[in-house]
Amino acid sequence: MSFDLSNVISAASEFKPQRSLVYGVPGIGKTVFGCTFEKPILLRVEDGAAAIDVATFPKLIENYAELMEALSALHGQEHDFKTLVLDSLDWLEPIVWAQTVTRLNADRDRPLESIEGVGYGKGYVEAEQEWRNVLGWLDALRLNRGMAIVLIAHAEIKRHEPPDGDPFDRYQIKLHKRAWALWQEWADMVLFANYRKRTIKTKDGGKSGQDKFRAEGAGERCLYTDERPAYVAKNHWSLPHEIFVGQDKTWRPFHEALNQATGGKYALPSTLNSKEAA
């Protein structure tokens, strides 16, 4: 029997394909980052990857049925892809809402025009059924086909009101809070991508008493792996809090940091072994 104390194993004995969610500021290269994982295929909900040489389906996902068709193809047909990159989660959200409205309208005499028509907040609770269906398909790809999952999302700045302190602004994923909570819990890693910058004092306070500052940066990229007041992030592997990537288009520093943190259980993508990527 499986549930017998003689069969107890270490929970760390098996390294499953990772579930990663990366979000960040515009133009930082989130999609490129996703495509640096091993043997990726890009599932496009938005059209922003024309400059990336990566396998993808010939059209964008425009509705929920097409999403299911693509996920079913990846699960049921033969292929050697090792990573699914979904770009992006927040562009998928209106498609999920539309499917929720379609499902609910099947049992209504007066059709809903939008998810807001369900009642205050209730539509977003209903939408969790569609989101969890997507989540189930992604887990099936991980467990049955051995594929890592990389979800891309955009960032927004929102007011956070903790119960034990004063409110403050922070970066978080651009999703409804119920969907954000679901995907944050599901992911093994939530990574925040931003540019490194520093502030320089440009003028003393003078009569106003308020010093003036300006921000400087050189387009050097960083990944942040655990939470701070300014952003949400997490990981399961005790990664360094900040992984400096700079201008490296292969995002090698992240892959090397994950390889080291997992004791080599995470194998570096084969493209990083080439001289071109070194």
Side-chain angles (χ1 to χ4, degrees), residues 18-38 40 42 44 46-54 83-91 148-158 169-175 180 183-184 187-200 213-262 266-278:
Q18 292 295 282
R19 301 168 292 190
S20 306
L21 194 165
V22 59
Y23 75 108
V25 298
I28 199 167
K30 299 180 290 295
T31 307
V32 172
F33 168 70
C35 294
T36 61
F37 284 73
E38 185 71 10
L42 181 62
R44 297 173 299 150
E46 60 172 292
D47 193 7
I52 305 174
D53 184 15
V54 62
T83 304
L84 172 62
V85 183
L86 195 157
D87 187 13
S88 65
L89 203 56
D90 44 297
W91 279 58
I149 308 296
V150 182
L151 305 176
I152 309 299
H154 299 89
E156 64 178 352
I157 300 174
K158 296 201 75 172
D169 291 339
R170 69 174 179 179
Y171 288 103
Q172 63 184 53
I173 189 172
K174 193 177 179 181
L175 281 178
W180 164 229
W183 288 109
Q184 180 186 8
D188 297 310
M189 295 181 286
V190 176
L191 308 171
F192 175 61
N194 201 358
Y195 294 106
R196 175 177 282 184
K197 50 187 175 291
R198 61 193 181 112
T199 55
I200 299 174
F213 298 85
R214 63 182 171 85
E216 276 193 352
E220 296 174 326
R221 296 163 297 167
C222 295
L223 279 172
Y224 298 94
T225 69
D226 53 19
E227 187 165 343
R228 294 293 187 273
Y231 47 83
V232 176
K234 73 168 191 178
N235 77 92
H236 291 168
W237 301 106
S238 298
L239 286 165
H241 159 63
E242 178 185 290
I243 300 175
F244 179 74
V245 177
Q247 304 289 348
D248 189 340
K249 294 182 179 180
T250 69
W251 296 75
R252 175 189 287 271
F254 165 79
H255 294 290
E256 291 180 341
L258 184 56
N259 175 270
Q260 182 175 357
T262 61
Y266 170 75
L268 291 176
S270 57
T271 53
L272 294 184
N273 296 323
S274 67
K275 292 182 179 179
E276 181 180 351

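Bear in mind the structure is a predicted one, so any value in this text is a computation, not a measurement.
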Closer than 3.5 angstrom, by distance alone: can the side chain of [X] be matched with the main-chain N or O of [Y] as a donor-acceptor pair?
X	Y	value
N259	T262	no
R196	F244	no
D188	R19	yes
D90	L175	no
S20	M189	no
K158	I173	no
K234	Q184	yes
R221	Y195	no

Between E242 and R228, is the closest basic N to carboxylate O distance under 4.0 Å?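 Salt bridge between R228 and E242, a charged N being under 4.0 Å from a carboxylate O: no.
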
Could you give me the CA-CA distance, side-chain angles and deciding distance for D87 and R44, then say whether side chain to side chain contact (heavy atoms under 4.5 Å, CB included) is met? CA-CA 5 Å; D87 187 13; R44 297 173 299 150; 5.5 Å; no

Test item: [X] and [Y] side chains (from C-beta on) under 4.5 Å apart, heavy atoms:
X	Y	result
F254	D248	no
V85	F37	no
L258	L239	yes
W180	V232	yes
V22	L223	yes
P229	R170	no

Looking only at non-hydrogen atoms, find the nearest pair between P40 and C35 and report the distance. CG-O, 3.4 Å

Only one of L42, L21, L151, I152 clears side-chain contact (heavy atoms from CB on, under 4.5 Å) with L86; which? L151

Do the rings of Y224 and H241 sit parallel, tilted or perpendicular, given the 30° and 60° boundaries? tilted

When the ring planes of Y23 and F192 are compared, do they come out parallel, tilted or perpendicular, using 30° and 60° as the limits?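 Y23 vs F192 ring planes: tilted.
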
Contacts of T83 that satisfy side chain to side chain donor-acceptor pair (under 3.5 Å) - sequence neighbours left out: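 Side chain to side chain donor-acceptor pair (under 3.5 Å) list for T83, sorted by chain: empty.
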
Stepwise side chain to side chain contact (heavy atoms under 4.5 Å, CB included) check, Y171 with V25: CA-CA 9 Å; Y171 288 103; V25 298; 4.1 Å; yes

